[in-house]
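Input: a single structure, listed below in structure tokens.
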Amino acid sequence: MAGGPRKVVVVGGGLSGLMTTLKLAESGVHVQLFSIVPVKRSHSVCAQGGINGAVNLRGEGDSPYLHFEDTITGGDFLNHQPPVMYMAERAPAIIYLLDRMGVPFNRTSEGLLAFRRFGGTLKHRTAHAGATTGQQLLYALDEQVRRHEVSQVVEKFEGYEFLGIIKDGKGQCRGITAQNLRTMEVETFPADAVVIATGGNGVIFGHTTNSIINCGSPVSICYQQGAVYGNPEMVQIHPTAIPGEDKCRLMSESVRGEGGRLWTPRNPMDGRDPVSIPEQDRWYFCEELDPVYGNLLSRDLVSFIVYCICRIGKGIESKHQVYLDITQLHTSRGGPWSRDQINDKLEGVLEIYEKFMRVDPIEQPMKIYPAQHYTMGGLWVDYEKGADSPLDLGSARNQATSIPGLYAAGECEYQYHGANRLGANALLTCLTGGELTAHGVTAYLKSMESGWEDVAPALAEEFRSAEQQRYEVLNKSNGSENPYAVLADLNQVVWDGCGIWRTQKDLEMTKAKLSDLKIRAGQCNLIDDSAWTNQAVPFTRTLQHMIIQAEAIVGGAIERQESRGAHFKMDTPERDDDKWLCTTKCTYTAQGPKYDFSEKIECNYISPRPRKYKINQIKVVNMVMGEKYLETGVADSKMGQPVAGV
């Protein structure tokens, strides 16, 4: 294509956005990077546990193939296998790349990279920088991108909210509209291609470890503009979080990876100090249910186990909480480590618990409960297999959405995790996905017939004026509803009806409630009509997008008549590969979401088989709650009861 330098807009300043920006800048592409917050405040900074890669420095026989196999098994075979194989093969090189960038990974006494175990694997595969790995990776990549800022190859637009893409008459994405959240000016930014890298949608659920910026509205906006939404019903609940009034605080899987144990008193009302409760009076439920994986079962299973235990009143004091215990790791209780050694591995997590709970977790067990943590679903993206490798890196199809010129990377796309994400694969897929997106965009740019300079000013103005009008209409809204109250109701409705425990009846009721919430969200009273740093209008606009996205999530759960990974539906408790080994492809219509299940999962390396764990959700129900619980609602299991004669 003739013309000047190519220009790409990247929306999102987390790890996937920064990696995409870095690789595009290295190839000479001009990048405009947009972030609703300062880049170093992006939610990637909150990742604690580590990043996976089969480097095998411990000589355990680990390999990229085993990493791939664990990821496919963890995802319950709903992930297309070629991209996952690419991710696993690329992982060791990514870790060494980060090491050369200066990420302060933990080291062994010999000076080698230290690796810990994480959920869903029996290998020590997770490289980590204490318990602040996300922060260290984000800062390292930001430093690399700043070099290109200095040379003016990269421009940063911090404090801008994405409002939508610009589409030309051929349906191609030709830029974005965005709003400066200081001046409230709506602007357009023509580009040759756009990359969405905006993270997850946890704010929809309320009970979430996500930051308040993780509302999912950019995905919802693209979905409303014609992009296909993949596997929306697949939402991960993390088993260990501190419940809070505003949000939940993550207690990383790294705690269990370093030897933390989950338990609850066999007598839920046991009033003794937890550290004084003897072993025979403790129920180590994960270790009893699966002695091989124990506390490091995949997240969907551990969350479900904790939920079931608490549902039948066997949590601490019959409340929704169980213990996450590392007190046994300290030398004072016969453990292998001093306080300094424990802090070297976990200080970032333990500080959070002590700050919010006013309890020293090295001295007292932590009280935790599951919270929404990650969305495996997201914008549908494509890939192209290679002749002699998992993927053809020269293909413009890689990471491309259903809208030409629009790409997606990171948590906001659906491709890598299937029905459940393994811990420490998130940071990895942000980076490998960001790299792959840059390859795909570069190939796309070579095929373009016209560039961003050719975008008609009238086209850009058409999209700008439409967004300006929406803003002004909202700014003058004087209805009766409080948007913050509507969000609180949305959180409760989605968490109760489409969280860990799903039934067709509850999902249908949730769908009806969302229709009412959509009406209420259009009748808000916005008391802030200021023209400078207005917070009420962007909040309400985002709320409306979240409700539309929630409809897609709940609708996908209604449509998928099976249980798989994080989607466990009591009415259909078994996995059904004959009918449902397929991607949920959701498209937006004014009448509601429409679903297509024609895309079968590509299983070119491993044929679908039962997961390798000893248990699944239906076995958990039968063992923890009783074999007739789903029929009668009466819990009659003997598991976890006090030991007779003790």
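The structure places OG1 of Thr121 at 8.0 Å from CG of Leu66, a figure rounded to the nearest 0.5 Å. One distance of note links CZ of Phe304 with CZ of Arg311; it measures 9.0 Å at 0.5 Å rounding. Atoms CZ and OG1, from Phe597 and Thr583 in turn, are 10.0 Å apart once rounded to the nearest 0.5 Å. Rounding to the nearest 0.5 angstrom, the gap separating the CG atom in Leu346 from the NE2 atom in His128 is 8.0 Å. Considering CD of Gln504 and CE of Met570, their distance stands at 12.5 Å, rounded to 0.5 Å. Distance check, rounded to the nearest 0.5 Å: CG of Leu296 to CZ of Phe118 gives 8.5 Å.
The main-chain N or O of Ile368 is never found under 3.5 Å from a side-chain atom of Thr240 such that the two would form a donor-acceptor pair. Remark: side-chain polar atoms of Ser298 are not paired, donor with acceptor, to backbone N or O of Gly120 under 3.5 angstrom. A donor-acceptor distance shorter than 3.5 angstrom exists from the side chain of Thr401 to the backbone of Ile403, with no hydrogens or angles considered. Here the side chain of Gln224 pairs a donor or acceptor atom with the backbone of Ser220 at under 3.5 angstrom. Distance alone, capped at 3.5 Å, is enough to place a donor-acceptor pair between the Gln81 side chain and the Ile606 backbone. A donor-acceptor contact shorter than 3.5 Å links the side chain of Ser563 to the backbone of Thr572. In this structure, the side chain of Ser44 engages the main chain of Leu15 through a donor-acceptor pair within 3.5 Å. The closest donor-acceptor contact from the side chain of Asp290 to the backbone of Tyr293 lies under 3.5 Å. Of the possible polar contacts, none joining the Thr510 side chain to the Val494 backbone as a donor-acceptor pair under 3.5 Å is found. The main-chain N or O of Ile558 is found under 3.5 Å from a side-chain atom of Lys569 such that the two form a donor-acceptor pair.
For the pair Glu233 and Arg502, the salt-bridge criterion is not met [side-chain N within less than 4.0 Å of a carboxylate O]. Ion pair Arg564/Asp577 flagged as a salt bridge, since at least one NZ, NE, NH1 or NH2 atom sits closer than 4.0 Å to an Asp/Glu carboxylate oxygen. A salt bridge is defined here as a Lys NZ or Arg NE, NH1 or NH2 lying under 4.0 Å from an Asp or Glu carboxylate O, and Asp496 with Lys513 fails to meet this definition. For Glu253 and Arg256, the salt-bridge test passes: some basic side-chain N is under 4.0 Å from an acidic carboxylate O.
Centroid-to-centroid, the aromatic rings of His207 and Tyr369 stay 6.0 Å apart or farther.
Shown are Ile72, Leu78, Asn79; of these, the side-chain contact (heavy atoms from CB on, under 4.5 Å) with Ile601 is made only by Leu78. With respect to Glu69, the salt bridge (Lys or Arg N to Asp or Glu O under 4.0 Å) criterion is satisfied by exactly one of Arg609, Arg125, Lys123: Arg609.
Neither side chain, Asn398 nor Ser395, offers a donor N or O lying under 3.5 Å from an acceptor on the other. Side chain to side chain, Arg421 and Thr429 fail the donor-acceptor criterion of an N or O pair below 3.5 Å. Using a 3.5 Å distance cut-off with no hydrogens or angles, the side chains of Asn425 and His67 do pair a donor with an acceptor. Side-chain contact annotation: Asn420 with Gln236, donor-acceptor N/O pair under 3.5 Å present. Between the side chains of Gln372 and Trp495, no donor-acceptor pair of N or O atoms lies under 3.5 Å. A donor-acceptor contact under 3.5 angstrom links the side chains of His373 and Thr209, judged on distance only. Ser217 and His545 share no donor-acceptor pair across their side chains, judged by distance under 3.5 Å alone.
Side-chain atoms of Cys46 and Ser211, non-hydrogen and from C-beta on, do get closer than 4.5 Å to each other. Taking 4.5 Å as the limit, every side-chain heavy atom of Ser63 sits out of range of all side-chain heavy atoms of Asn56.
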ask   = Could you walk me through whether Val219 and Asn201 pass the side chain to side chain contact (heavy atoms under 4.5 Å, CB included) check?
value = CA-CA 9 Å; Val219 170; Asn201 57 21; over 6 Å; no
key: Trace of the side chain to side chain contact (heavy atoms under 4.5 Å, CB included) decision for Trp283 with Lys314   = CA-CA 10 Å; Trp283 181 22; Lys314 291 187 178 181; 3.9 Å; yes
task = Decide salt bridge (charged side-chain N to carboxylate O under 4.0 Å, His left out) for Glu287 and Arg261; before the verdict, give the C-alpha distance in whole Å, the side-chain angles of both, and the deciding distance to 0.1 Å.
result = CA-CA 9 Å; Glu287 298 170 29; Arg261 304 175 76 185; 2.8 Å; yes
message = Determine whether Trp501 and Phe568 satisfy the following criterion, side chain to side chain contact (heavy atoms under 4.5 Å, CB included), listing intermediate values before the conclusion.
response = CA-CA 7 Å; Trp501 187 276; Phe568 183 74; 5.7 Å; no
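Residues Val302 and Cys286 approach most closely at CG1-SG, 4.1 Å, considering heavy atoms. Here the shortest heavy-atom pairing between Ala557 and Cys498 reads CB-SG, 4.1 Å. Annotation for Ile312 and Val624: closest pair CD1-O, 3.4 Å, computed over non-hydrogen atoms. Nearest heavy-atom pair, Thr126 versus Gly49, reported as atom, atom and distance to 0.1 Å: CG2-O, 4.1 Å. The shortest non-hydrogen separation linking Asn231 to Cys582 is OD1-O, 4.5 Å. Taking both residues in full, the closest heavy atoms of Ala131 and Gly348 are given as CB-N, 4.0 Å, listed atom of the first, atom of the second, then distance.
Between His80 and Tyr414, the angle of the ring planes goes over 60°, which puts this pair in the perpendicular group of the 30/60° scheme. Between Tyr284 and Trp263, the ring-plane angle classifies as tilted under the 30° and 60° cut-offs.
Every side-chain hydrogen bond (donor to acceptor under 3.5 Å, both in side chains) that Gln415 has, sequence neighbours left out, goes to Gln399. Judged as a salt bridge (Lys or Arg N to Asp or Glu O under 4.0 Å), and not counting sequence neighbours, the contacts of Arg90 are Glu435. For the side-chain hydrogen bond (donor to acceptor under 3.5 Å, both in side chains) test, residues two or more places apart in sequence or in another chain that qualify with Glu258 are Arg116.
For Leu122, the CG atom sits in a packed shell: over 12 heavy atoms of surrounding residues, nucleotides or ligands are nearer than 6.0 Å. In this structure, Lys579 places its NZ atom where only 12 or fewer heavy-atom neighbours from other residues, nucleotides or ligands lie under 6.0 Å away. Counting heavy atoms of neighbouring residues, nucleotides and ligands inside a 6.0 Å radius, atom NZ of Lys612 exceeds 12 of them.
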